[in-house]
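First the structure, in the form of C-alpha cells, and then the observations on it.
These figures come from a predicted structure and were not determined experimentally. By convention here, the first residue in the shown sequence is residue 1.
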Amino acid sequence: MDLKDRAKKIKVIAFDVDGVLTDGGIYTGADGEIFKPFHCRDGLGISLARNAGLKLAIITGRKSPQVAYRAKELKFDALWQGVMDKREAYKELKEKFSATDEEICYVGDDLIDLPILTQVGLATAVADAMPEVIERVHYVAKFSGGHGAARDVIECILKAQGKWEGIIEGYLAKVSPKQEKINQ
C-alpha cells in the first residue's frame with residue numbers, strides 16, 4: 001500500500017511530545033521550572049486537522065503540566081502522559097475512538113515509539129528521528145521535531161484525503177478588502 005492510500009484511511013493522529021511536538025530539549029529555569037518550546041505552525045496544523053474531522057491524541061513518556069496545558073489549548077481529544085510502555089495507551093486509544101490500526105497515524109522519534117509505529121496504518125517520524133525509527137516508518141517529515149514536523153504530517157494526510165485545497169480556499173475567501181488591495 002502506498003503512502004497516499006495509507007493517509008486516506010486515517011481518522012486518528014497520535015503524537016509523541018518530546019522530540020516531536022517539541023525540539024526534544026528540556027529547558028529549566030532558575031527555580032527548577034521546565035519550559036517546552038512548541039511550534040506555532042504545528043499548533044495551526046493540529047487545529048486544521050481537528051476542524052477537518054480528525055481525532056487527535058498525545059501519548060508521551062514524560063509527564064508535565066506544560067503538555068497538559070498545550071493539549072487543552074489545542075483541544076486534543078485524548079492525552080496519555082507518563083507512559084513508558086506505550087502499548088497499553090495505544091490499546092486504550094483504539095477503544096476510545098473505535099479505530100483500527102489502519103485508521104491511526106502515529107508521529108514518533110525514538111525507540112520508545114517503535115511498539116506503536118510497527119502497528120499503525122501510517123507510521124511517521126520527524127526528520128531528526130533515530131535511524132532505527134526512520135527505517136521502520138512509512139513517511140519521514142521534512143522538518144525536525146518541534147520545527148513543523150507535526151504540521152508536515154498533517155498536511156500529508158489532509159492532502160491525501162482531498163481536504164487541503166478546501167482549507168486553502170477557505171483562508172483565501174477570508175481575505176479582507178484591505179488585504180486584497182495590499183496583495184495587488
Run the salt-bridge test on [X] and [Y] with the 4.0 Å N-O cut-off and return the result as yes or no.
| X | Y | result |
| --- | --- | --- |
| Asp42 | Arg151 | no |
| Arg50 | Asp77 | no |
| Arg87 | Asp85 | yes |
| Glu103 | Lys9 | no |

- From Asn51, Leu54, Ile154, residue fulfilling side-chain contact (heavy atoms from CB on, under 4.5 Å) relative to Ile46: Ile154

- Query: Only one of Leu93, Ile116, Val153 forms a side-chain contact (heavy atoms from CB on, under 4.5 Å) with Tyr106, so which one is it?
  - Reply: Ile116

If you define the side chain from C-beta out and look only at heavy atoms, does anything of [X] sit under 4.5 Å from [Y]?
| X | Y | answer |
| --- | --- | --- |
| Tyr90 | Pro115 | no |
| Ile13 | Leu122 | no |
| Leu79 | Val67 | yes |
| Val17 | Phe38 | yes |
| Gln66 | Ile34 | yes |
| Ile10 | Gln161 | yes |
| Ile26 | Arg62 | yes |
| Asp16 | Lys86 | yes |

What pair of heavy atoms forms the shortest contact from [X] to [Y], and how long is it?
| X | Y | value |
| --- | --- | --- |
| Ala99 | Val12 | CB-CG2, 4.1 Å |
| Ser144 | Ala149 | O-CB, 3.5 Å |
| Ala89 | Ile59 | CB-CG2, 3.8 Å |
| Ala127 | Ile134 | O-CD1, 3.8 Å |
| Gly108 | Ala129 | O-CB, 4.3 Å |
| Gly148 | Phe143 | O-CD1, 3.6 Å |

- Evaluate the salt bridge (charged side-chain N to carboxylate O under 4.0 Å, His left out) criterion for residues Lys36 and Asp23: first the C-alpha distance (whole Å), next the side-chain angles of each, then the deciding distance (0.1 Å), finally the verdict. CA-CA 8 Å; Lys36 289 181 179 273; Asp23 64 8; over 6 Å; no

- Task: Evaluate whether atom NZ of Lys11 has more than 12 neighbouring non-hydrogen atoms of other residues, nucleotides or ligands under 6.0 angstrom away.
- Result: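 Count not over threshold, so no.
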
- Is it possible for you to say whether Leu21 and Leu48 belong to one hydrophobic cluster, with membership spreading through side-chain heavy-atom contacts below 4.5 Å?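 In one cluster: yes.
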
- Verify whether one side chain among Glu92 and Trp80 offers a donor that lies under 3.5 Å from an acceptor in the other. yes

- Just do the side chain to side chain contact (heavy atoms under 4.5 Å, CB included) check on Leu114 and Val133 with the steps written out, would you? CA-CA 7 Å; Leu114 285 175; Val133 171; 4.1 Å; yes

